[in-house]
Amino acid sequence: MQSTELIRQFLHERVGTQPDQVVDAALLADLGVDSLMLAELMFEAEDRLGISIDSNVTVPKTVGDMVRLIDNLRAAKAAQS
């Protein structure tokens with residue numbers, strides 16, 4: 001599953017965000033993501049993609065930030081395999 005698709009699906013299921021609104025430049029807060037929901041999104045990414053997001057990471061502000069975070073962790077995991 002692609003990172004963007006995971007985020008689109010998560011936001012659509014939780015807050016009804018339309019998939020076309022989930023673009024790199026979109027602010028997560030503008031899409032209805034508060035700090036609790038961001039934590040849920042990170043846990044969802046960890047569970048579905050088999051990655052581990054450190055609690056010390058810079059908090060993503062946009063969809064693009066979240067995608068890059070997930071993709072970088074997936075790449076690092078693949079490099080270790």
Side-chain angles (χ1 to χ4, degrees):
M1 172 177 273
Q2 296 294 327
S3 304
T4 304
E5 183 57 33
L6 180 137
I7 296 167
R8 280 188 180 123
Q9 184 177 17
F10 178 89
L11 292 176
H12 182 70
E13 290 172 0
R14 299 298 194 296
V15 292
T17 303
Q18 294 304 309
D20 63 343
Q21 293 177 298
V22 183
V23 295
D24 281 353
L27 293 171
L28 292 168
D30 289 349
L31 298 176
V33 178
D34 60 15
S35 58
L36 178 60
M37 189 173 295
L38 181 60
E40 290 177 19
L41 175 56
M42 290 181 168
F43 291 139
E44 182 89 4
E46 288 180 329
D47 289 345
R48 290 181 128 190
L49 302 174
I51 58 175
S52 179
I53 301 174
D54 190 280
S55 61
N56 295 328
V57 298
T58 302
V59 176
K61 301 284 185 211
T62 66
V63 171
D65 293 342
M66 188 70 195
V67 168
R68 282 185 290 283
L69 172 63
I70 293 170
D71 288 348
N72 288 341
L73 290 170
R74 291 175 81 184
K77 180 181 175 187
Q80 292 176 349
S81 299

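Heads up: numbering here begins at 1 and tracks the sequence.
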Please report the interatomic distance [atom1]([X]) to [atom2]([Y]), rounded to the nearest 0.5 Å.
{"X": "L31", "Y": "R14", "atom1": "CG", "atom2": "CZ", "answer": "14.5 Å"}
{"X": "T4", "Y": "Q9", "atom1": "OG1", "atom2": "CD", "answer": "12.5 Å"}
{"X": "E40", "Y": "M42", "atom1": "CD", "atom2": "CE", "answer": "12.0 Å"}
{"X": "L41", "Y": "L36", "atom1": "CG", "atom2": "CG", "answer": "11.5 Å"}
{"X": "T58", "Y": "L69", "atom1": "OG1", "atom2": "CG", "answer": "9.0 Å"}
{"X": "R8", "Y": "E5", "atom1": "CZ", "atom2": "CD", "answer": "6.5 Å"}

**Message:** Taking CD in Q21 as the centre, count heavy atoms belonging to other residues, nucleotides or ligands within less than 6.0 Å. Is the count above 12?
**Reply:**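 Yes, CD of Q21 has more than 12 neighbouring heavy atoms, counting only those of other groups under 6.0 Å.
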
Are [Y] and [X] linked, directly or through intermediate hydrophobic residues, by side-chain heavy-atom contacts shorter than 4.5 Å (ILVMFWY only)?
{"X": "L27", "Y": "M37", "result": "no"}
{"X": "V15", "Y": "M66", "result": "yes"}
{"X": "V33", "Y": "V23", "result": "no"}
{"X": "V57", "Y": "F10", "result": "yes"}
{"X": "I70", "Y": "F43", "result": "no"}

Please find the pair of heavy atoms, one from [X] and one from [Y], that lie closest to each other, and give the distance.
{"X": "K77", "Y": "G50", "result": "NZ-O, 2.6 Å"}
{"X": "L73", "Y": "I53", "result": "CD1-CG1, 3.5 Å"}
{"X": "P60", "Y": "L28", "result": "O-CD1, 3.6 Å"}

**NZ/NE/NH1/NH2 to OD/OE distance under 4.0 Å, D65 and R68** =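 Yes, D65 and R68 are salt-bridged.
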
**Message:** Please check this pair: side chain of H12 against backbone of Q18, looking for a donor-acceptor N/O pair closer than 3.5 Å.
**Reply:**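 A pair under 3.5 Å: no.
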
